[in-house]
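Written below as structure tokens is the structure these notes are about.
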Number of protein chains: 2
Amino acid sequence: MKRVLLYGAAGGALIALLKLIEYKHFVHAYPAELYGGLLALIFTAVGVYVGLRWTRPKPAAAVPKHVPAEETLKGLGITPREYEILCLIAQGMSNREIGEKLFVSENTVKTHSSRLFDKMDVGRRVQAVQKARQLGLIP
Amino acid sequence: MKRVLLYGAAGGALIALLKLIEYKHFVHAYPAELYGGLLALIFTAVGVYVGLRWTRPKPAAAVPKHVPAEETLKGLGITPREYEILCLIAQGMSNREIGEKLFVSENTVKTHSSRLFDKMDVGRRVQAVQKARQLGLIP
DNA sequence: CCAAAAATCACCCGAACGGATGACGACGGC
DNA sequence: GCCGTCGTCATCCGTTCGGGTGATTTTTGG
């Protein structure tokens, strides 16, 4: 709300500045580039400022404390087998290695991990590991 | 060196653009503010970019609360930039996302991560994260 | 100032991964 | 018996990763 108003006000001020510059331009024909460069500098500076302003604040989200793994697992609908795959993924194993360890095909591991990522709402295995750690699923 | 030249060239081009705009302004009196606003937007965008680009890399990976990591890092010959990539990998980011966050190309991120894996003696990013945690490099 | 280290970027290639889909057998409840 | 869940496996397709090589450009330290 306030931000929008401020933005609008700033925009208006800038437009006014522009017109003013143009008036000057009418009077003196040559220092036009100078004013142009100045304007460029100004807007660049403004850009730097707002850019920094916009991307800086990053408050960390509070994480709920210890919830027994069992609860979380069932809450997410993660099956025992999927949890098993999750643990092995967290050990840094490839799908192939997991398949060999569990005596199943790599395709099966892929299916499990896909459903796992789906249930955990992640898209990459590293994210799955990180989230599982946050959830207390793995130490 | 080259960067300065490029900057100069870009500046010249922009000045030329400005003059061109001004010519248009001579012909049509009304859409002047429009062009001005456009220019403002452009320069603001440029400002955002360069601002982020030049101020980010410095405080970017000010993550580590752990000081004992310094020892391990130097012991392994891991550079600050590589450590930065390591942290972002541990957050589950893809190489592309890391590149966008750090304003470098994906190729660069790949180079860093490759050397990182080499120094950490791992072959996959999940292993790198796990090992980094074991070494106390990341919380 | 110059050499070394660090950072940047590009290209290629093969492997690994993720998503979507379909299928089949086993088990357990209702 | 029937339905739902689980585990298993496959195939296709596109993306991401990891490895290798080579090059240029800061940055830094002596």
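Each chain gets a letter, A, B and so on, in the order its sequence line appears, and its residues count up from 1. When reading the values below, keep in mind they use all heavy atoms of this one structure, side chains included, and skip hydrogens, waters and symmetry mates. Predicted, not measured: the structure shown is a model, and the values here were computed from it.
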Compare all side-chain heavy atoms of B:L76 with those of B:Y83 and state whether any distance is below 4.5 angstrom. no
Partners meeting side-chain hydrogen bond (donor to acceptor under 3.5 Å, both in side chains) with B:T108 (sequence neighbours left out): B:S105
D:dT8 OP1/OP2 closer than 4.0 Å to side-chain N/O of A:H112: yes
Return the nearest nucleotide to the side chain of A:T108; candidates are C:dG18, D:dC9, C:dT8. D:dC9
Which residues share a salt bridge (charged side-chain N to carboxylate O under 4.0 Å, His left out) with A:R96, sequence neighbours left out: A:E106
All side-chain contact (heavy atoms from CB on, under 4.5 Å) counterparts of A:A132, not counting sequence neighbours: A:L86, A:M120, A:L137, A:I138
Could you name each residue pair satisfying side-chain hydrogen bond (donor to acceptor under 3.5 Å, both in side chains) that touches residues 122-132 of chain B, not counting sequence neighbours? A:E97-B:R124, B:N95-B:R125
From CZ (A:R115) to CD1 (A:I85), nearest 0.5 Å: 10.5 Å
Roughly, in whole Å, what's the span from CD in A:E106 to P in D:dC9? 12 Å
Roughly how far, to the nearest 0.5 Å, is CZ of A:F117 from NE2 of A:H112? 12.5 Å
Applying side-chain contact (heavy atoms from CB on, under 4.5 Å), run through A:T79 and A:L73 and close with a yes or a no. CA-CA 8 Å; A:T79 73; A:L73 284 178; over 6 Å; no
Using salt bridge (charged side-chain N to carboxylate O under 4.0 Å, His left out) as the criterion, list what pairs up with A:K119, not counting sequence neighbours. A:E82
Sugar-phosphate atoms are those with a prime plus P, OP1 and OP2; base atoms are the rest. Using that split, label each nucleotide of nucleotides 19-30 of chain C B, S or - for protein heavy atoms under 4.0 Å, 5' to 3'. B-----------
Counting only non-hydrogen atoms, which of residues 76-103 of chain A are less than 4.0 Å from DNA chain D? A:T79, A:P80, A:R81
Angle between the end axes of the helix from C:dC1-D:dG30 to C:dC30-D:dG1, five pairs per end, to the nearest 10 degrees? 60°
Should B:N107 be listed as having a side-chain N or O under 4.0 Å from OP1 or OP2 of C:dA10? yes
Identify, with sequence neighbours excluded, every residue that meets salt bridge (charged side-chain N to carboxylate O under 4.0 Å, His left out) alongside A:E84. A:R81
